There are 2 protein chains.
Amino acid sequence: MTTTAISPIAPGSARTLPVLNDCCTPSSTMSDDDASLLAGMFKALADPARVKILSMLLNADEVCACDFSASIGKTAATTSHHLKLLRDAGLITGDRRGTWIYYRVIPERLVAIRDALSLGR
Amino acid sequence: MTTTAISPIAPGSARTLPVLNDCCTPSSTMSDDDASLLAGMFKALADPARVKILSMLLNADEVCACDFSASIGKTAATTSHHLKLLRDAGLITGDRRGTWIYYRVIPERLVAIRDALSLGR
DNA sequence: AGTTTGTTTTGACATTCATCGAATCAGTGT
DNA sequence: ACACTGATTCGATGAATGTCAAAACAAACT
């Protein structure tokens, strides 16, 4: 998919920075779509409850939905809300087995977050 | 290259799952402080404008503040607001040189985000 | 002094978000 | 059929957020 790359400015050049009279080199911008997509993934993680949920899923590769509520200290309704946001963001998935629903993390999406920031380099 | 690797979860372990009568293994929870800290960093990136700003900074390791406004299509006031949020989150830093202010990314903080997701582990 | 330009803060507004109670849906039982 | 339990959705409320115009601040220049 479209990940970074880009190298917007001459690679080894531009060590001299404009100090006066000229400040702005155009410097390419990420597309609106890519920025919104990435921001959406970050938004999905921008809450302590959801961070805890993800943390639990990263430690035990499958967690019963019934376990989240007590662990994060929120009502079942609120917990379900957070689970839905994480699901909609494509970060986790859950399947029902009988009475209970088990959630797993989708590792590819987390890797996508890291790569999008070009942190791996 | 920056791609994949990572093996997100313990390879062959934990294949027996509770299916009936018992669903919840305690499964350790992240501390409130850690969760809030992490969520705060994600929140700082949970907006397209701020993602664009960070993207620009990752591509050119120093960008004049005057350049952001046009690139992200927001007013100077709004741009300044977003820069402040990124600054407060410790993700970027800016220093004034004469008339203009130049921003840089603080790579350590971004690495912290990646590590916190325990993708490398 | 005053002017000009770049940046931040203030104030206000509209939108989004987190939270919970209550109602509803989904499965498993009796 | 009914009851029970786990999970989701609905509705409402208070808080947080993004946005901009206007004012204030900072630095350089006349």
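For clarity, every value in this text was computed on a predicted model and none was experimentally measured. In the text below, chain A, chain B and the rest are named by the order of the sequence lines, each starting its count at 1.
Between the P atom of D:dC20 and the CD1 atom of B:Ile72 lies a distance of 9 Å, rounded to the nearest Å. If you take CG of B:Asp95 and P of C:dG6, they are 18 Å apart, rounded to a whole angstrom. Between the C1' atom of D:dA28 and the CZ atom of B:Arg97 lies a distance of 17 Å, rounded to the nearest Å.
B:Ser55 places no side-chain N or O within 3.5 Å of a backbone atom of B:Val51 that could act as its donor or acceptor partner. Not one N or O on the side chain of B:Thr78 forms a donor-acceptor pair closer than 3.5 Å with the backbone of B:Lys74. A:Thr79 places a side-chain N or O within 3.5 Å of a backbone atom of A:Thr75 that can act as its donor or acceptor partner.
For A:Lys74, a side-chain nitrogen or oxygen approaches OP1 or OP2 of C:dT19 to under 4.0 Å. In this structure, A:His82 reaches the C:dT19 phosphate: one of its side-chain N or O atoms is under 4.0 Å from OP1 or OP2.
End-to-end axis angle of the helix from C:dA1-D:dT30 to C:dT30-D:dA1, from C1' rotation axes over five pairs per end: 10° (rounded to 10 degrees).
Pairing each heavy atom of A:Ala76 with each of A:Ser69, the nearest pair is N-OG, 3.6 Å. What you find for B:Ala89 and B:Ala44 is that their closest heavy atoms are CB-CB, 3.4 Å.
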Tabulate atom names and distances for all N/O pairs under 3.5 angstrom spanning the protein and nucleotides 7-10 of chain C.
| unit_1 | atom_1 | unit_2 | atom_2 | d |
| --- | --- | --- | --- | --- |
| C:dT7 | OP1 | B:Cys66 | N | 3.4 |
| C:dT7 | OP1 | B:Ile101 | N | 3.4 |
| C:dT7 | OP2 | B:Cys66 | N | 3.1 |
| C:dT8 | OP1 | B:Tyr103 | OH | 2.8 |
| C:dT8 | OP2 | B:Ser80 | OG | 3.0 |
| C:dT8 | O5' | B:Ser80 | OG | 3.2 |

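A 4.5 Å side-chain heavy-atom check between B:Leu38 and B:Met30 finds at least one atom pair inside the cut-off. For the pair A:Ile113/A:Leu45, a side-chain contact is recorded, criterion being any heavy-atom separation below 4.5 Å from C-beta on.
Every residue meeting the salt bridge (Lys or Arg N to Asp or Glu O under 4.0 Å) condition with A:Asp95, not counting sequence neighbours, appears here in chain and number order: A:Arg97, A:Arg104. The side-chain hydrogen bond (donor to acceptor under 3.5 Å, both in side chains) search around B:Arg109 returns none, not counting sequence neighbours.
Near-neighbour residues of DNA chain C inside residues 41-53 of chain A, defined by a heavy atom below 4.0 Å, number-ordered: A:Lys43, A:Asp47, A:Arg50.
Each side-chain hydrogen bond (donor to acceptor under 3.5 Å, both in side chains) pair with one or both residues in residues 36-51 of chain B, not counting sequence neighbours, appears once here: B:Arg50-B:His82.
A salt bridge links B:Asp32 with A:Lys52: the closest approach of a Lys/Arg side-chain nitrogen to an acidic carboxylate oxygen falls below 4.0 angstrom.
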